[in-house]
Amino acid sequence: MILESVTIVEIKPSAPFHFDTTFHKPAHFTSGDNYWESGIRWQTFRFLGKYLGVIFRNTGSVEIPKIEVEIYSSRPLANDLVAEFIQEIQYRYNLNFDLNHFYQHFASDTKVGPVIKKMRGLRPGHQDSLYEYLIIGIVLQNCTVRRSIQMMQILFEHYGTLLEFAGKQFWCFWDLGDLKTVPEAELRSLKLGYRAKSIKKTDDSFAKGVVNENELRQQDLDTQKTKLLNLYGIGPATVGYLLFDVFHHWDYLDHISPWEQKIYSKLIFDQDPNHPVTVRKLFSYFNRFGPYKQLVIHYLWEDLWWQRKNQPIPWLEKLIRA
DNA sequence: CATCAGGGCCCTG
DNA sequence: CAGGGCCCTGAT
């Protein structure tokens, strides 16, 4: 599908804002629906029934932020839809989030202070809808990064739509409920394994309205958590990521998996990853960051992965099996 | 060649 | 609450 109609909108995020660390998270695996280079991000969206190809450009600075958003579509977009889309973008990338409160509290912390200084303006957030994030979460489970990327790619090729805009091509997600007519056996034949069942059931729950993202955003944390855990194939690890990335609970920390335990042990206590500190000790360390404890982890984590982009980190390579 | 564990989760006992 | 099974893949 070729998208030729262009709408241009300017967004002014709250300051400070750092474009690259917000629009590119090197810790996330790459997928065929986006691309990043310094100062520019391509991303497709399935939004309110439309296929959108979007280019975000950094046209400001950390202290005077500005983003130019080019929205490509097959036909001209109604103003209302554009406004709603921009609002959604501001939500997903937390463009109005006030980082100053967080910074003031922890600027003097010996471990975290230098990182928030270095990563000044980084926003948490994620480009995908809840439904899309769930699919990614399922595809991540119990396998290596390479396999996750393969499964995501094959899903795009079978159920996504290839969009062309501004001379580039990217895959776009299918809509929730679109897998209704797809038999579980077909997903299995695409080498999704036992995840086929989880994907089918999750898709079905959205199609039937058992889960509705906009409603869920209005609910409290416990309701969100319960509803997400009720989805077949979704457990505490995936829910942890969702509550932070999609529902923006900056303090949600409930679960530290063994591989994360090793990485945090090295980062915080400089422990050999083969002899990590106890999970208990990690919880008690992170608890000091109260309402921002998961945000602190996000900062440490992203800092580490940005470092890795510039120069491989031997102890980390062994743990991530990229 | 065979075996095993991986950026979980479900189900059973 | 512990532990086996699940799909497939690459490492050993």
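Proteins get letters first, then strands, A, B, ... in listed order; numbering begins at 1 in each.
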- Item | Centroid-centroid distance, A:Tyr292 to A:His101, less than 6.0 Å | yes

- Query: Expressed as a whole number of Å, how far does the C1' atom of B:dG7 sit from that of C:dA2?
  - Reply: 22 Å

- Query: For the rings on A:Tyr133 and A:His126, is their centre-to-centre separation under 6.0 Å?
  - Reply: yes

- Query: C:dG10 phosphate, OP1 or OP2: any side-chain N/O from A:Arg146 under 4.0 angstrom?
  - Reply: yes

- Message: In whole Å, I'd like the distance from the CH2 atom of A:Trp301 to the P atom of B:dG7.
- Response: 11 Å

- Note on the structure: Note on DNA chain B: ranges paired as stems (three or more Watson-Crick/G-U pairs in a row, both atom distances under 3.5 Å) are B:2-6 with C:8-12, B:8-13 with C:1-6

- Item | Ring centre gap for A:Tyr93 and A:Phe23 strictly below 6.0 Å | yes

- Message: Once salt bridge (charged side-chain N to carboxylate O under 4.0 Å, His left out) is applied, what residue pairs with a partner in residues 118-129 of chain A remain, sequence neighbours excluded?
- Response: A:Glu63-A:Arg120, A:Lys118-A:Asp303

Identify each atom pair where a protein N or O and an N or O of nucleotides 10-13 of chain B are less than 3.5 Å apart, giving names and distance.
from	atom 1	to	atom 2	distance (Å)
B:dC10	OP1	A:Gly233	N	2.9

- C:dC6 C1' sits how many Å from A:Leu187 CG, rounded? 16 Å

- Task: Applying salt bridge (Lys or Arg N to Asp or Glu O under 4.0 Å), name anything that partners A:Lys117, two or more places apart in sequence or on another chain.
- Result: none

- Can you tell me the distance, in whole Å, between the CD1 atom of A:Ile320 and the C1' atom of C:dA11? 16 Å

- Query: Counting side-chain heavy atoms from C-beta on, which of B:dG7, B:dG8, C:dC8 comes nearest to A:Arg147?
  - Reply: C:dC8

- Item | NZ/NE/NH1/NH2 to OD/OE distance under 4.0 Å, A:Glu70 and A:Arg57 | yes

- Separation of B:dG8 atom P from A:Leu228 atom CG, nearest Å, is 18 Å

- Task: Determine the contact category for A:Arg188: base if any of its heavy atoms lies under 4.0 Å from a base atom, sugar-phosphate if only primed atoms, P, OP1 or OP2 are that close, otherwise nothing.
- Result: sugar-phosphate

- Query: Is the A:Phe102 to A:Phe97 ring centre distance short of 6.0 Å?
  - Reply: no

- Task: Please examine the side chains of A:Ser5 and A:Arg75, heavy atoms only from C-beta on, and report whether any two atoms are closer than 4.5 Å.
- Result: no

- At under 4.0 Å, does any side-chain N or O of A:Thr238 touch on OP1 or OP2 of B:dC9? yes

- Item | Listed nucleotide nearest any side-chain atom of A:Tyr194, set C:dT9, B:dG7, C:dC6 | C:dC6

- Item | Qualifying residues under ring-ring contact (aromatic ring centres under 6.0 Å, His included), relative to A:Phe45, sequence neighbours excluded | A:Phe85

- Message: I want to know whether A:Tyr131 and A:Phe173 have ring centres closer than 6.0 Å.
- Response: no

- Item | A:Arg308/A:Glu317 salt bridge by N-O under 4.0 Å criterion | yes

- Looking at residues 240-275 of chain A, who's got a heavy atom less than 4.0 Å off DNA chain B? A:Trp259

- Item | Nearest-angstrom distance, P atom, C:dC7 to B:dC1 | 25 Å

